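Okay, structure first, notes after.
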Amino acid sequence: MAAELTVHQLIATHRPTLDQALEAIRTRAYWSPHPEHPKAYGEHGSLDMAAGKAAFDALLGTRLDLGQPGTDGFVGGEVSPYGIELGIEYPHADVDALLPAMKAGQKAWRDAGAEIRAVVCLEILKRISDRTHEFAHAVMHTSGQAFMMAFQAGGPHAQDRGLEAVAYAYVEQVRTPDTAEWTKPQGKRDPLALTKQFTPVPRGIALVIGCNTFPTWNGYPGLFASLATGNAVLVKPHPRAVLPLALTVQVARDVLSEAGFDPNLVALTAERPGEGIAKTLATRPEIRIIDYTGSTEFGDWLEANARQAQVYTEKAGVNSVLVESAGDYKGMLANLAFSLSLYSGQMCTTPQNLLIPRDGIRTDEGPKTFDEVVADLARSVDGLLGDDARANALLGAIVNPDVKARLEAAAGLGEVALASREIANPEFPGAVVRTPVVVKLDGAKPDDEAAYMSECFGPVSFAVAVDSASDAVELLRRTIREKGAMTVGAYTTDEEVEQAVQEVCLEEAAQLSLNLVGGVYVNQTAAFSDFHGSGGNPAANAALCDGAFVANRFRVVEVRREA
């Protein structure tokens, strides 16, 4: 009875939020139930800034035992990009024991129906939201994001993406009615009459393979899309970013248990150093859905080898911004400088290639040569990051040694227009903080093409000189088609150029931002309104979030009876 009462309470509490989310994805207007400002938290039992930091500090050096079946030991080893050893241990799973336990709870979860699954997911998200400050520190010290970005992107924005996935999942499941009375006339004979029952059924166990840079923002869409459609979810975090997803699993297990469901519907599997458990899990027959964010190499491997599963991947791309002309030259430079600097360029949406005609561009300040545009952009970045305190707040820390190595190697690829510099972080002396580098390349030289046609993840951008706007458009098309792109930007006051860029993005399925000069940046997307990725070019085979992202996570099974 308590569990049934809890479910009714959850519907009463969360159905209004679900309805608002359904309206938001229909209208694509701005909406979020999760406040972006840190001071909005602290009431109604949620953690304020001091309590959230204290909760994070209390986790350091502890063992996070989730009470999962099949736990055969504990593993750890996370070191913050800010130089702190977290010292937290997580359960290591014997998957032969864990996977059957996860499957055992799916029948009751399936039979609960789409609405109950949705409101249980919303309760999980609400409890995560109440601990946003704690999660922000967890994201900061595993991803290297600066605190405010970790708070917003790892907190409310990630929670928005999770809720968005629940809303899409609900829509797709209720598209078909639960029952139907079917009658077919037979002329003079009695009509044929059947009662039909339709049930959304889960595919099986879903595997979420977490990423290092955005563990919650990239992890929540797949996790909640699968859970809301009736599947059990096994979370395999990146070894350097376990804590945010481990806390998520802990919250989910608590909520499921309190709502009368098997907590093993959501479980965590951390890995030993060098174990490479993702490949092993990905090809197991019990795993029927996989969500992955990371390198193209492993994403391609999953798509080719995890044949028993529906695989959703967000891989790597080469993002370009075409600069043909500018109606607000200073606004363009400021917008681009921020886009290149945010989180040290460690975003799958950060611009890499700036395609600029070698004869220069037209602006509201008069004509600017290629060299002037690049030099002005360099000065804009320097101005943005000239104050070390502000620079630390924007850049965060370099997430791993591979990014640092790419940054250092980039200076040897061409003429350096903006050199990277080291910035000290007084609060975290162990942090590796670097400003972006901008390198000039020639779009007509084969040696340069090898550089700008490859993803260089991190604070590295290439100013690529092209012969004309039409050459820039064709290079943009080729880049998207061959390498993929999560984002495309363009600056132009010419209607024909704008139309040509738009047509390329429509044909090659790339998300386009035109003439951004204010507080919206090409590397940011808003849940409920913007699509992240398209699923239509090599950078990703799915979009966050659309109907296609959720609809194939379940099947509809029909039972017919004589009326």
Side-chain angles (χ1 to χ4, degrees), residues 34-41 47-50 52-53 55-57 60 78-84 86 131-159 211-218 238 240-241 243-244 334-351 381-401 403-404 407 420-437 457-461 519-525:
H34 304 112
E36 287 185 313
H37 199 285
K39 291 184 179 179
Y41 296 81
L47 296 181
D48 61 15
M49 296 176 72
K53 177 65 163 60
F56 169 76
D57 289 341
L60 302 179
E78 286 163 298
V79 178
S80 167
Y82 290 96
I84 299 170
L86 303 191
R131 294 167 61 180
T132 291
H133 276 285
E134 179 186 0
F135 272 77
H137 287 285
V139 171
M140 173 182 176
H141 284 289
T142 51
S143 71
Q145 295 174 30
F147 176 77
M148 185 54 71
M149 184 175 186
F151 179 89
Q152 293 184 337
H157 297 172
Q159 296 152 22
C211 69
N212 194 173
T213 48
F214 289 88
T216 54
W217 198 97
N218 278 110
H238 191 284
R240 286 192 289 260
L243 180 58
N335 193 281
L336 283 174
F338 190 93
S339 297
L340 300 184
S341 303
L342 185 62
Y343 184 33
S344 300
Q346 297 170 127
M347 304 171 69
C348 63
T349 50
T350 300
V381 174
D382 273 341
L384 178 68
L385 303 176
D387 177 74
D388 283 3
R390 184 179 187 186
N392 275 305
L394 283 175
L395 295 169
I398 299 297
V399 69
N400 62 52
V403 174
K404 181 172 178 283
L407 170 63
S420 177
R421 68 183 180 92
E422 184 175 351
I423 294 180
N425 187 319
E427 186 179 0
F428 300 105
V432 177
V433 185
R434 299 286 189 276
T435 63
V437 63
F457 184 78
V460 177
S461 291
V520 176
Y521 305 95
V522 67
N523 41 355
Q524 298 173 319
T525 59

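Computed from a predicted model, the values in this text were never measured in an experiment. Side-chain atoms are counted along with the backbone in the values below, which use heavy atoms only and exclude waters and symmetry mates.
Judged by distance alone, with hydrogens and angles left aside, the side-chain atoms of S143 form no donor-acceptor pair with the main-chain N or O of N212 at under 3.5 Å. A donor-acceptor contact shorter than 3.5 Å is absent between the side chain of S420 and the backbone of V437. Proximity of a side-chain donor or acceptor of T142 to a complementary backbone N or O of V139 within less than 3.5 Å is detected.
Residues passing the ring-ring contact (aromatic ring centres under 6.0 Å, His included) test with F214 are Y343, sequence neighbours excluded. Under the salt bridge (charged side-chain N to carboxylate O under 4.0 Å, His left out) criterion, D388 pairs with R421, not counting sequence neighbours. Qualifying side-chain hydrogen bond (donor to acceptor under 3.5 Å, both in side chains) partners for T350, counting only residues two or more places apart in sequence or in other chains: none. For A397, the side-chain contact (heavy atoms from CB on, under 4.5 Å) test picks out P81, Y82, A431, with sequence neighbours left out. By the salt bridge (charged side-chain N to carboxylate O under 4.0 Å, His left out) test, R240 is found to be paired with no residue, residues two or more places apart in sequence or in another chain being considered. Taking the side-chain hydrogen bond (donor to acceptor under 3.5 Å, both in side chains) definition, one finds that T525 meets it with R161, sequence neighbours left out. Legend: residues meeting ring-ring contact (aromatic ring centres under 6.0 Å, His included) with F457, ordered by chain and number and at least two apart, are absent. Every residue meeting the ring-ring contact (aromatic ring centres under 6.0 Å, His included) condition with F147, not counting sequence neighbours, appears here in chain and number order: H137. Scanning for side-chain contact (heavy atoms from CB on, under 4.5 Å) contacts around S339 gives N335, P351, Y521, V522, N523, with sequence neighbours left out. By the side-chain hydrogen bond (donor to acceptor under 3.5 Å, both in side chains) test, R131 pairs with E134, sequence neighbours left out. Shown here are the salt bridge (charged side-chain N to carboxylate O under 4.0 Å, His left out) partners of D57, two or more places apart in sequence or in another chain: K53.
Each side-chain hydrogen bond (donor to acceptor under 3.5 Å, both in side chains) pair with one or both residues in residues 146-155, not counting sequence neighbours, would appear here, but there are none.
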